[in-house]
J.: 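First the structure, then my questions, so here it is.
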Amino acid sequence: PATEWINLEWGSTLDLTDARVELYTIGGQYIGEIWNVDYLTHNSTYEIRLPVLPEGIYLYRLSSDQGMVQGKLVIVP
């Protein structure tokens, strides 16, 4: 669960370019891009500040030049 910050831990051996994290409602409605970086280095942790959101379950999508991964993000008060 998250409140104001999340940590993005990138443990892959790949470096990524044009990496971004987008946030969606659980119903799939686009909320916005919450993070964007030109270069994401392998085995790194990045701290991302979340927008003010009501508590609930959201979907995130991390996409880059290497593809895309997605998952759920739980916001707690």
Side-chain angles (χ1 to χ4, degrees):
T3 52
E4 296 179 30
W5 297 89
I6 58 172
N7 288 322
L8 171 64
E9 295 181 15
W10 186 246
S12 173
T13 57
L14 294 174
D15 291 340
L16 305 178
T17 57
D18 299 323
R20 66 187 173 279
V21 176
E22 297 170 320
L23 204 56
Y24 296 83
T25 66
I26 195 69
Q29 182 180 7
Y30 179 74
I31 294 173
E33 185 177 88
I34 61 169
W35 190 70
N36 188 318
V37 67
D38 293 331
Y39 190 73
L40 184 66
T41 58
H42 65 282
N43 293 323
S44 297
T45 300
Y46 298 86
E47 194 172 60
I48 302 173
R49 183 165 177 78
L50 295 172
V52 175
L53 297 167
E55 65 181 89
I57 300 173
Y58 296 86
L59 303 174
Y60 69 85
R61 180 178 294 159
L62 168 63
S63 54
S64 74
D65 63 319
Q66 297 292 323
M68 185 252 318
V69 294
Q70 57 189 14
K72 291 182 181 175
L73 173 66
V74 178
I75 303 292
V76 295

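Bear in mind the structure is a predicted one, so any value in this text is a computation, not a measurement.
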J.: Out of curiosity, Glu22 CD to Leu62 CG, how far, rounded to the nearest 0.5 Å?
T.: 9.5 Å
J.: Work out which heavy atom in Ala19 is nearest to a heavy atom in Ser64; give both atom names and the distance.
T.: CA-CB, 4.1 Å
J.: Considering only distance and modelled atom types, tabulate donor-acceptor pairs under 3.5 Å from the side chains of residues 50-57, sequence neighbours left out.
T.:
none

J.: Does Leu73 reach the side chain of Leu23, with side-chain heavy atoms less than 4.5 Å apart?
T.: yes
J.: Which pairs, with at least one residue in residues 65-77 and sequence neighbours excluded, count as a side-chain hydrogen bond (donor to acceptor under 3.5 Å, both in side chains)?
T.: Thr17-Asp65, Arg61-Gln70
J.: Using the rule that two of Ile, Leu, Val, Met, Phe, Trp, Tyr join whenever any of their side-chain heavy atoms come within less than 4.5 Å, decide whether Val74 and Tyr24 are in one cluster.
T.: yes
J.: Below 3.5 Å, can you tabulate the donor-acceptor pairs from side chains in residues 26-33 to any protein atom, sequence neighbours excluded?
T.:
{"residue": "Tyr30", "atom": "OH", "partner": "Glu33", "partner atom": "N", "Å": "3.1"}
{"residue": "Glu33", "atom": "OE1", "partner": "Asn36", "partner atom": "ND2", "Å": "3.2"}

